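Just so it is clear, the values below take in all heavy atoms, side chains as well, and ignore hydrogens, waters and symmetry mates. Remember, predicted model here, so these are calculated numbers, not experimental data.
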Amino acid sequence: MKMSSLDRILLLLTGLLAAYQIAVGIDGLDAFAITFYTLAFGVLLVAGLLMLILGLSVLDSPVVVIVSTLIPLSLSLGLVWESLASYRTPYLLFTILGFASVILTRSFSMPGNLSVIALAIVHGVAGMVIFLLPIVFAINGQAGPGFALVGAGGGLIGLGGLLLSFLKAGRPILPKETVLKVLPGLLLVMTATYVAGFALR
Amino acid sequence: MNILTARFRLYWPLTKPLQSGLLLATGLAGYMSARCPVFHVGTVLELAGSLFLAIAGSTVLNMWWDRDIDAIMKRTRTRPTSSGSIPADEVLRLGLILSVVGVGWAVAMNPLYGLVVFAGLFFDVVVYSMWLKRRTCWGILWGGISGAMPILAGRVLGLGGFDWVGVALALGVLFWIPTHTLTFSMKFVKDYEAACVPTFPSTYGLSYTRAIIAVSSVLAALSMGGAAIGIGMAWGFLRLLGVLSAGLLMLAFAITFRPSEQVNFGLFKYASIYMLAAMILVVIEVL
């Protein structure tokens, strides 16, 4: 599928926003939280640049499912690390095991729907953490109201991640053309809500 | 006026504006990395003018010298020098004028700066193009050294002398150049073979070439990282440079272990974006 000029502009803006967030937006946090956020926005930045250079055909690579899992996992881990100190170790374990299970189920043939189940659990849990935590903190006053935008971004990343992952897993929720058409816009809105949410917390 | 405009349009492609622009950007970043006590707009403009003329001059002279092999290669046969749309003597005169004015201007600004600019031009035109390019694939090493001179020249002008940060910046560019040019020579290996120009892919094979690309990518990222720390770059910008370097290393890893035409093209383009972004970070850091 040929990429339009608008898609290119949207991906470039996504990359610039992710670069801004890495360079400026996460300063002053705990070193581990910074590392996890850097990983999440770094994957967004490099993926955006590669899509810009190679076109959306880069999404045909089998590595995409694995790499795209890094974004919600590291972002949710950053949020948990920053805000829920008592859950740090269990969630870190979930992240490591979840990521390992996605790599394993993508690298070797698995019986039944195991690869899809692993993907759904990892994306589902990480997406819910990113969606719910910021909204809860914004409501109970632990963060500014604007932090809820990160939750909105979490909803979008959950949606985007599921669309892309199930497409790659051979069980598309929407037709491939539709997914590829909305993906650049979805990535930009998602990144913009994260950047705005972190700035307004 | 119309004649002048027409000449300018004819000559402009001879300077390879994008390539010269990227090298100029490295020179400006090198200058700004020195954090000069006083920011002289006049000096920056003079640096840009002299460096651009010298870079453009050496590019025109290379094109003049290589016009016979450019005419053989599909990729370059439409160049004004190989298609014959500009007489060879005229191209030579243009290259010499640009080079002499550029280097002369640089020497007048600062003799040490002028020496580095001259070294870049000499390595590129005489050592690389005229002497080694058609004899050995290792000639690109000298092409790389000349490509590293603009950033070193900028740093020398800003600082008034040499330091390890300037050398690290130059090494960053030097090691980045194989990542850029070897992926290019892999894509057009048949063209170079037809023109009897030795390249790494034709001399040592694709696997060896890919290994060199991977190693030079690692060294480029390490050199740029070292230079950035030496400049005193803020943590946020260092993080961003680290992420961009990780992307470069990932592609270098991919080209070594899962090579494909797509990865080759991706690395070629990404390497340019990487260098431009690294230079922008150096400049933003200082502003």
Taking atom [atom1] as the centre, does [X] end up with more than 12 heavy-atom neighbours from other residues, nucleotides or ligands that are less than 6.0 angstrom away?
X      : atom1 : value
A/F131 : CZ    : no
B/L18  : CG    : no
B/R258 : CZ    : no
B/W235 : CH2   : no

Legend entry - Distance (rounded to the nearest 0.5 Å) between B/R239 CZ and A/L39 CG: 13.0 Å
Legend entry - Gap separating the CG atom of B/L240 from the OG1 atom of A/T38, nearest 0.5 angstrom: 9.5 Å
Inset, instruction - Against chain A, label B/L281 side chain, backbone, both or neither, depending on which of its atoms sit under 4.5 Å from a heavy atom there. - result: neither
Find out whether [X] and [Y] are in side-chain contact, i.e. whether some heavy atom of one side chain is under 4.5 Å from a heavy atom of the other.
X     : Y      : value
A/V67 : B/M250 : no
A/L49 : B/L244 : yes
A/L50 : B/L251 : yes

Legend entry - Pick from B/G242, B/A234, B/G236, B/G266 with the largest number of heavy-atom pairs that fall under 4.5 Å of chain A: B/G236
Inset, instruction - Tell me, for A/I53 versus chain B, whether the close heavy atoms (under 4.5 Å) come from the side chain, the backbone, both or neither. - result: both
Inset, instruction - Output the option from A/A18, A/A23, A/A19 having the highest count of non-hydrogen pairs under 4.5 Å with chain B. - result: A/A23
Inset, instruction - Could you check which of A/V58, A/I22, A/V43 has the highest count of heavy-atom pairs closer than 4.5 Å to chain B? - result: A/I22
